[in-house]
Colleague: 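Sharing a structure below in structure tokens format, with a few things to ask.
Labels below follow one simple rule: chain letters A, B, ... track the order of the sequence lines, proteins then strands, and each chain is numbered from 1.
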Amino acid sequence: MTNSRPLPNRLICGLEIHLELKTNSKMFCACKNDPFFAPKPNLHTCPVCLGMPGGLPVANRKAIEWTIQLGLALGCQINLFSKFDRKHYFYPDLPKGYQISQNELPLCYDGRLTTEEGVVEIERIHLEEDTGKLLHTQLDGEPVSLIDFNRSGVPLVEIVTRPMIVSSQQAVSFAKKLRRLIRYLEISDADMEQGSFRLEANLSLQTEAQARAGRLPDYKVELKNINSFRFLKEAIEFDLNRQKMLFERGEQPRQETRGWDSQRQATIAQREKGSVANYRYFADPDLAPLQFTESQLQAWQKALPPLPEVVVSHWQRDFSLKTHLSEQLIGTASRVNWLTSLFVATHEAGLEANKVASLLVNHQLKLETGSSLKKALTEIKRLLEVTSLPTAELSDLIASVLAAHSAEVARYQAGEKKLFGYLLGQLRPLLPAQVDMNQVRAQLERALA
Amino acid sequence: MKQSQVQAIAAMAQLPLSAAEAKVLSTQFKETLAVIAQLETAPTKGVAPTYQLTGEYNRWREDLVRPELSFNQAEALSNAPRAHQGYFVVPRILKSKP
Amino acid sequence: MSNSARQLNQFTFRQALDGLAEKKFTQAELVADLERAVKAQNQALNVFLSLAPNLSAESEAQAERPLRGLPLAVKDNISTRGLKTTAASTLLADFSPAFESTVTAKLKAAGATIQGKTNLDAWAHGSSTETSDYGRTLNPRNPAYLPGGSSGGSAAAVAANLALASLGTETGGSIRQPAAWCGLVGLKPSYGRCSRFGIVPMASSTDSPGLLTKTVEDAALLLGWMAGFDERDGTSLRTPSERWERQLGKPVAGLKVGWLYHDLEELNEVNEKIESVATQLRSLGIKVEPVPTGLDPRLAIAVYTLVQRAEVASNLARFDGLRYGRPRTTFGAEAKRRILLGTYALATRDRSEHNPYELAQEVRTLFIREFEQLFTQFDLVMSATSPSFAKKVGVSADSAMFGELEDMLLEPSCIAGLPGLSLPCYRDQETNLSLGLNLMAPAGREDLLFRVGEAYERNTPWNSWRNND
């Protein structure tokens with residue numbers, strides 16, 4: 001019996017990112033914001049972030065501004081009127097029994113980020129507070145959880161994409177680009193291992209027809225516990241397959257939350273969540289609503305540093321800097337600012353920006369942001385002074401390397417031309433820093449012929 | 001109101017309810033609907049909700065750490081029914097976060 | 001004041017302050033009299049849940065500060081560092097906060113001391129102080145009656161001269177009503193006037209810390225030290241605190257007072273007495289006019305009911321027994337009921353899929369506007385504080401009807417965040433119980449309350465302490 005109805009086989013995926021802002025103090029109190037490096041648990045707490053009776057929240061202005069700036073950098077609309085809402089649920093790491101978050105009036109909405117695989121739209125960006133951390137262990141044989149509230153109340157930005165990502169590559173590309181932008185804006189370390197950049201993926205399979213009509217499937221699987229870009233790719237691909245196989249067996253994947261288990265290389269269903277949570281949202285009466293003016297928005301927009309893509313094109317325009325080099329050099333906006341002044345200085349000194357960039361990328365040149373341009377110029381000039389080695393000396397060095405790697409030489413001569421790079425790599429450390437690599441390459445080629 | 005609905009509310013509030021209590025409550029829940037119905041009779045068209053009696057917006061603070069307003073670890077744990085090496089202790093929860 | 005010998009605990013706060021300044025007696029002597037009185041009566045009346053140790057020494061240590069070490073009783077839902085704060089619930093029986101509420105910190109900084117923590121309806125959920133987990137408090141005017149609530153312990157402390165003055169909180173009437181039932185002055189300041197930091201939260205959008213005192217002057221004086229902007233409370237008013245005692249004695253002739261609910265038949269018993277109040281105020285040159293009812297006052301009750309339930313349910317979610325307090329199952333029946341009703345209100349959507357809480361906030365706006373409208377015609381508005389005298393202990397009154405009337409008199413000014421002052425306006429010779437007059441002013445205009453209130457107090461015989469000297 002042939003089933004004429006086509007099976008869902010196209011991935012449709014949305015990402016949800018939680019980002020810890022690196023403000024000095026927490027979101028709603030003046031405790032130190034240091035969740036990862038605090039040497040002991042429960043060092044940075046107070047009546048507010050510990051949920052004591054009588055603790056009251058007061059919003060951190062910088063956290064709000066940074067969230068809006070992130071939104072502007074992602075081309076979002078900003079809600080001129082916004083507010084904080086209470087999101088209720090019970091969990092030991094949630095001291096008030098509700099999380100202060102934003103429901104129907106997030107700070108930012110309708111943005112986009114362009115990846116190599118196409119545009120991904122951002123549905124919303126809102127600001128909330130992080131929870132405490134649970135550590136599972138045993139005490140005298142009893143399974144317990146230990147709670148540390150250092151992280152409770154840390155400002156947390158939630159970024160939600162529209163469900164439109166169509167491949168694991170696109171998901172990774174988006175996540176990487178987003179992280180780069182966040183680090184560029186210097187609002188967060190966005191470190192997945194430290195927990196300041198947390199990824200969740202929602203995925204389902206749709207049929208061709210659904211995809212064409214823009215209709216979403218009636219279920220979605222939530223993937224959690226993804227702490228690296230590699231895991232993101234693997235988890236999506238695994239679950240994509242898992243869902244495909246279920247459909248092939250005539251089953252519908254369950255709407256559930258699954259965690260990525262890197263040991264087992266699989267997504268594992270988490271315990272039953274029960275019915276859909278009713279968070280009983282309402283406007284937090286302890287927090288005044290937010291209202292921004294157009295001129296404030298314009299000021300924030302103006303204060304944004306030029307975005308990475310713009311930097312790349314400016315550097316190309318002004319210094320003929322190659323894109324692949326620029327991409328590697330762009331870290332934070334502060335760094336970019338300083339590098340631009342460096343390139344201006346080297347340009348004026350008649351030095352080629354690409355050469356300077358290469359020195360930086362290859363770590364032959366290490367320069368602190370803000371260090372003396374004069375000293376930098378001197379160092380650069382020294383490194384760029386290309387000297388030719390006496391041919392005889394170079395020949396000897398080449399000969400010794402080829403002798404030590406006769407197997408690779410044989411393979412190269414048999415046709416594995418890729419091994420040229422390897423042999424060159426073996427030779428390089430033996431040569432002085434300021435050697436003319438063109439000369440070296442040419443001579444090595446001759447020696448191998 | 002069905003018993004299951006009443007128990008669902010109790011579960012949301014993390015409060016145990018006996019069958020007798022649930023019965024009484026289900027009547028009182030209905031009364032809440034009457035209160036809401038009453039509110040709906042008011043002329044609120046085009047009226048903005050009062051979020052803050054103070055009428056203020058943008059009450060926020062500068063991003064400064066104020067150690068004098070924080071607890072030290074001992075103070076934080078001073079009322080904990082169970083503590084261990086600086087942590088609060090709770091029996092292992094099996095269900096995941098909602 | 002039947003004793004022949006003057007006991008220092010019978011003084012008003014102001015009289016005690018002056019007495020200390022004039023070195024007529026010492027802190028130690030005053031504290032000794034207070035402690036003696038507490039020892040004699042606390043067991044029977046059940047006023048104090050806990051008493052501060054070393055009160056005498058602490059009081060003496062503050063002798064040179066503005067408030068000269070004078071002790072204040074504090075409602076037990078206000079956090080006091082190192083002193084148990086139970087909110088009259090067994091759930092918090094062992095809770096000793098490691099932080100101080102702002103209002104007590106300010107008063108302490110001015111040199112006041114904390115005498116002890118007073119009884120209340122558990123979690124401030126009630127208007128009788130009968131639903132305390134630590135037993136009911138009795139009305140010192142007549143122990144067969146209740147003191148009102150939820151600040152019943154604070155009211156009884158002052159009424160029985162066990163305290164010179166006390167702190168309370170009001171969300172839906174919890175300062176003014178017990179003040180009326182116990183024959184005292186009860187001040188609910190404007191919302192945001194005093195910081196809520198450190199107060200066990202009930203309905204965040206209306207909770208107002210305030211005072212229960214023997215005279216209007218005491219309330220004016222103490223408010224000055226208690227009020228003020230608090231950076232830790234995002235709803236606290238930016239307008240600075242004032243020396244409100246300077247309002248006393250300012251002329252009142254020409255002021256206009258609107259009389260609310262004058263025509264409600266159910267209020268006939270008390271309205272007769274309020275009629276006398278009107279006459280009295282007119283004799284002082286104040287214009288008193290009855291106000292035709294505009295918005296249905298029962299709508300105010302609906303707003304309060306929904307907002308209070310929702311906010312209470314939310315605010316009590318933090319009590320999970322992990323960081324402090326006993327397990328959540330320790331909640332008493334009334335608290336449980338309110339949490340569940342509030343949870344239901346928040347979980348529900350109305351017919352047009354709106355959040356009922358937001359709907360209530362819209363109706364709230366209507367009441368705020370109505371008051372603003374009234375205050376273009378009148379300087380103050382007034383009503384009876386309570387529809388009747390204090391209720392008898394153990395008598396199950398027709399609560400439904402009573403509750404609604406009670407609520408109607410005080411809840412509108414609570415939901416609008418207005419300041420209100422209740423002061424005694426009648427005393428029954430047989431029962432020894434009092435009725436209260438409820439004066440309400442525009443937000444931020446406590447000065448008018450004190451001015452008119454003190455003038456009325458001065459020209460009538462209802463205050464027990466005014467003429468102590």
Colleague: Keeping C:Arg323 on the side-chain end and B:Ala76 on the backbone end, is there a donor-acceptor pair under 3.5 Å?
Modeller: no
Colleague: For chain C, which candidate among B:Ala83, B:Ala80, B:Pro81 shows the most heavy-atom pairs at distances under 4.5 Å?
Modeller: B:Pro81
Colleague: Can we say B:Arg66 and C:Glu231 salt-bridge, meaning some charged N sits less than 4.0 Å from an Asp/Glu carboxylate O?
Modeller: yes
Colleague: If only atom types and distance count, is the side chain of B:Asn79 paired as donor or acceptor with the main-chain N or O of C:Ser96 below 3.5 Å?
Modeller: yes
Colleague: Testing the 3.5 Å rule here: is there a donor-acceptor pair between the side chains of C:Thr365 and B:Thr50?
Modeller: yes
Colleague: Can you say whether B:Thr44 sits under 4.5 Å from chain C via the side chain, the backbone, both, or neither, judging by heavy atoms?
Modeller: both
Colleague: Using modelled atom types and a 3.5 Å cut-off, is there a donor and acceptor pairing between side-chain atoms of C:Lys336 and backbone atoms of B:Pro16?
Modeller: yes
Colleague: For the pair B:Glu75 and C:Arg81, find out whether any cationic side-chain nitrogen is under 4.0 Å from an anionic carboxylate oxygen.
Modeller: yes
Colleague: Between B:Arg59 (side chain only) and C:Asp233 (backbone N and O only), is there a donor and an acceptor less than 3.5 Å apart?
Modeller: yes
Colleague: Is there a side-chain contact (heavy atoms from CB on, under 4.5 Å) between B:Phe29 and C:Leu340 once you walk through the steps?
Modeller: CA-CA 9 Å; B:Phe29 286 166; C:Leu340 289 164; 4.3 Å; yes
Colleague: Taking the side chain as every heavy atom from C-beta outward, state whether C:Pro356 and B:Leu39 have any pair of such atoms under 4.5 Å apart.
Modeller: no
Colleague: State, without any angle test, whether C:Arg309 and B:Thr32 hold a side-chain donor-acceptor pair at a distance under 3.5 Å.
Modeller: yes
Colleague: Run the salt-bridge test on C:Arg238 and B:Glu56 with the 4.0 Å N-O cut-off and return the result as yes or no.
Modeller: yes
Colleague: Return the option, out of C:Gly234, C:Gly342, C:Gly417, with the maximum number of heavy-atom pairs under 4.5 Å with chain B.
Modeller: C:Gly234
Colleague: With chain C, which of B:Leu15, B:Val35, B:Val24 has the greatest number of heavy-atom pairs at distances under 4.5 Å?
Modeller: B:Leu15
Colleague: If you tally heavy-atom pairs under 4.5 Å against chain C, which of B:Glu31, B:Gln28, B:Met12 wins?
Modeller: B:Gln28
